[in-house]
Amino acid sequence: MAHDHHPTGLSRWLFTTNHKDIGTMYLWFSFIMFLIGGLMALGIRLELFQPGLQFWDPNFFNTLTTMHGLIMVFGAVMPAFVGLANWLIPMQIGAPDMALPRMNNWSFWILPFAFGLLLSSLFMEGGAPNFGWTFYAPLSTKFGPPSTDFFIFGVHLMGISSIMGAINVIVTVFNMRAPGMTLMKMPMFVWTWVITAFLLIMVMPVLAGAVTMMLTDRHFGTSFFDAAGGGDPVMFQHIFWFFGHPEVYIMILPAFGIASHIIPAFSRKPLFGYSSMVYATASIAFLSFIVWAHHMFTVGMPVAGELYFMIATMIIAVPTGVKIFNWVATMWRGSLTFETPMLFALAFVVLFTLGGVSGVMLAMTPVDKQYHDTYFVVAHFHYVLFPGAIFGTIAAVYYWLPKWTGNMYSEFWGKIHFWFSIIAVNLTFFPMHFSGLAGMQRRVPDYNMMFEGFNQMSSIGAFMLGFGQIIFLGVLIHCIKGGKGKATDKVWEGAEGLEFTHLPSPAPYHSFEQSPEVK
Amino acid sequence: MSKANNKNVLFKAIGITALMTVFAFAMVPLYNVFCEITGINGKVVVSEALYDEVETDTNRTVTIEFITSINRGMPWEFKSTINKIDVHPGELKEVMFYARNYSQKTITGQAVPSVAPGQASFYLNKTECFCFDQQTLKPGEEIKMPMKFYIDPELPEHLHTVTMSYVLFNATSKGSDSVAAN
């Protein structure tokens, strides 16, 4: 385009307000964080390959589990979804850009500083935070290392970044939709993201409050979580999980949206039950606010409380089941093909359901008292996060990459990446169900001899899984450099949505300066 | 599509964020009020109750157990002189607690009470308790501390054992506890 002029080199990326540039930066940032967090996971699996202490001292092991969790949750999964939102939402609703482009730039550029603060704590005296990603008081207040304060300010910064990103999505979706695109005509990815954005602006302030209370407890003589001064450490868990439970849906709802695009495209059928999908997503979001204490069944709640939280938690299985049945019904009698995005989306549906089933098991108070803080919990949340959130993101990248770059990726290597990942992910996390049920605790560097077999399987799987993501990096670079030739404008035979029907591949730097008509 | 519309939605979203920030801090008092009203968490009201000739129900006996523990970084010995006592509801009883500072420093202690089952906390009335204020002991000093209580005769029938727990915290100067622990 003739007026397509913008700064080049470094200043293009520093000063950009273009949603596509910012989306690209978010995605690369999250991929780098994914690799760093993955290296930490490999450090954990290395130590757990054998019982006894081999590589790390126990404190550094705790540091690894803590930083792995924090980096994967806040550095990999969340920025990846914000990156996808930046790339896709304006194109999918027919808008020229995000509504608040300068704030968009700011919300990205806060992130390197937030994670710089967090990662710098690894090199400090006393070590990095070692109290688990849930940073329960008083472990993090009274007994946390000095670097805990860097962690606190890191969390403040990433909270500000997420809130700004979420506000941007809300304003964009409410104000910038193309004429004719009513709310109930919005693509599912946009729907799931706007609901996620509401979750974000409602719970990130609570997280910020919790770390602020930690900060004042540590340095300014308050006693929010200190029983000696009239506070209560159990209250920390309530505040944390009031943030924490909606947070886990923040990490999965956009992936629900992604699956709702990919499965219809490769089934060559429209999505089954669109409006029930919207309502199911909204009810999952609502329920996420009233079930937080199911993370705390062992703190000594009264039976009435345990019953309530158990039943409320199990009710979440209903809207989630609606979504899963809708995806299956979409595929029913469709003419399916199995390109890489579809393979990842199918693995998402199957393995996320498996993680959901272990979630229902954990929701049962009486059995949770056995499962609590064992590897069964680790297996559960890795099944919903790796094959859930991360496979969802990978599926989205494969699905929209030809639209972004204009080039087709290598289908052969994409499939290799898929089969490698699906075997490795199950090899890594499935044995954890068994070691957890047999009583192996989380966050401990040593374990009983009897768990050795399960742990060796997990460790071998983890290294395979890590290696598999290097294949992904190779496929990405190959595709950006030209790949397997030009992609068509529609890319996929069954693709739907404005980005495929109204824009060329690659999508131009400025798209939809004239609003498209949506019928 | 207009700028004014954007501002409108932007301010609403910022408003939600601000409200939730306030809510995060409001959770602290809300949590305490909720626990006090429902009796969840075994939180007991830390204030004096008055004993004015409550009728004693001699047909019923309730066992009261005492548990004491020391928080990390508190160099005191702390125990109750008896482990359990049988009382009739409505009867005023006194139990003595013993504490000794075996460190080389003057230390202030604060006992934090809790009751199990939590439901019993409504019916437990203390007219006097060392946990109402702090104690300061010089090195080697020891102290006997009284706790006077009575059980409300309204105590539900199914409760026949009530456990009173006291955790002693170092309250000398908040923030330096972890130093004292070393």
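Just so we're on the same page: letters track the sequence lines, and every chain starts at 1.
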Is the [atom1] atom of [X] crowded by more than 12 outside heavy atoms at less than 6.0 Å?
{"X": "K185(A)", "atom1": "NZ", "value": "yes"}
{"X": "F289(A)", "atom1": "CZ", "value": "yes"}
{"X": "Q134(B)", "atom1": "CD", "value": "yes"}

[Y] and [X], any side-chain heavy atoms less than 4.5 Å apart:
{"X": "V28(B)", "Y": "M213(A)", "result": "yes"}
{"X": "R72(B)", "Y": "F143(A)", "result": "yes"}
{"X": "V206(A)", "Y": "M20(B)", "result": "yes"}

For the residue pair N5(B) and N175(A), confirm or rule out a side-chain donor-acceptor distance under 3.5 Å.
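Absent: no donor and acceptor within the cut-off.
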
Between V112(B) and chain A, with a heavy-atom cut-off of 4.5 Å, which part of the residue counts as in contact: side chain, backbone, both or neither?
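V112(B) touches chain A through side-chain heavy atoms alone.
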
[X], part contacting chain B, at a heavy-atom distance under 4.5 Å:
{"X": "A99(A)", "answer": "both"}
{"X": "F243(A)", "answer": "neither"}
{"X": "L207(A)", "answer": "neither"}
{"X": "I163(A)", "answer": "side chain"}

Does the pair T212(A) and F25(B) meet the rule for a side chain to side chain contact (heavy atoms under 4.5 Å, CB included), with working shown?
CA-CA 10 Å; T212(A) 308; F25(B) 286 92; 4.0 Å; yes

Interatomic spacing from OG1 in T172(A) to CG in N6(B) - rounded to 0.5 Å
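Result: 7.5 Å between the selected atoms.
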
Nearest 0.5 Å, what's the NE2-CZ distance between H238(A) and F34(B)?
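Spacing of NE2 (H238(A)) from CZ (F34(B)) equals 8.5 Å.
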
Are F242(A) and F23(B) an aromatic pair by the rule of ring centers under 6.0 Å?
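Here the rings of F23(B) and F242(A) have centres that are less than 6.0 Å from each other.
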
For G209(A) against A24(B), the heavy-atom pair lying closest together:
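Heavy-atom minimum between the residues: CA-CB, 4.3 Å.
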
Counterpart residues, side chain to side chain contact (heavy atoms under 4.5 Å, CB included), relative to P146(B) (two or more places apart)
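E94(B), M96(B), E128(B).
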
If contact means a heavy atom pair closer than 4.5 Å, which residues of residues 12-19 of chain B contact chain A?
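Under the 4.5 Å heavy-atom cut-off, A13(B), I14(B), I16(B), T17(B) qualify.
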
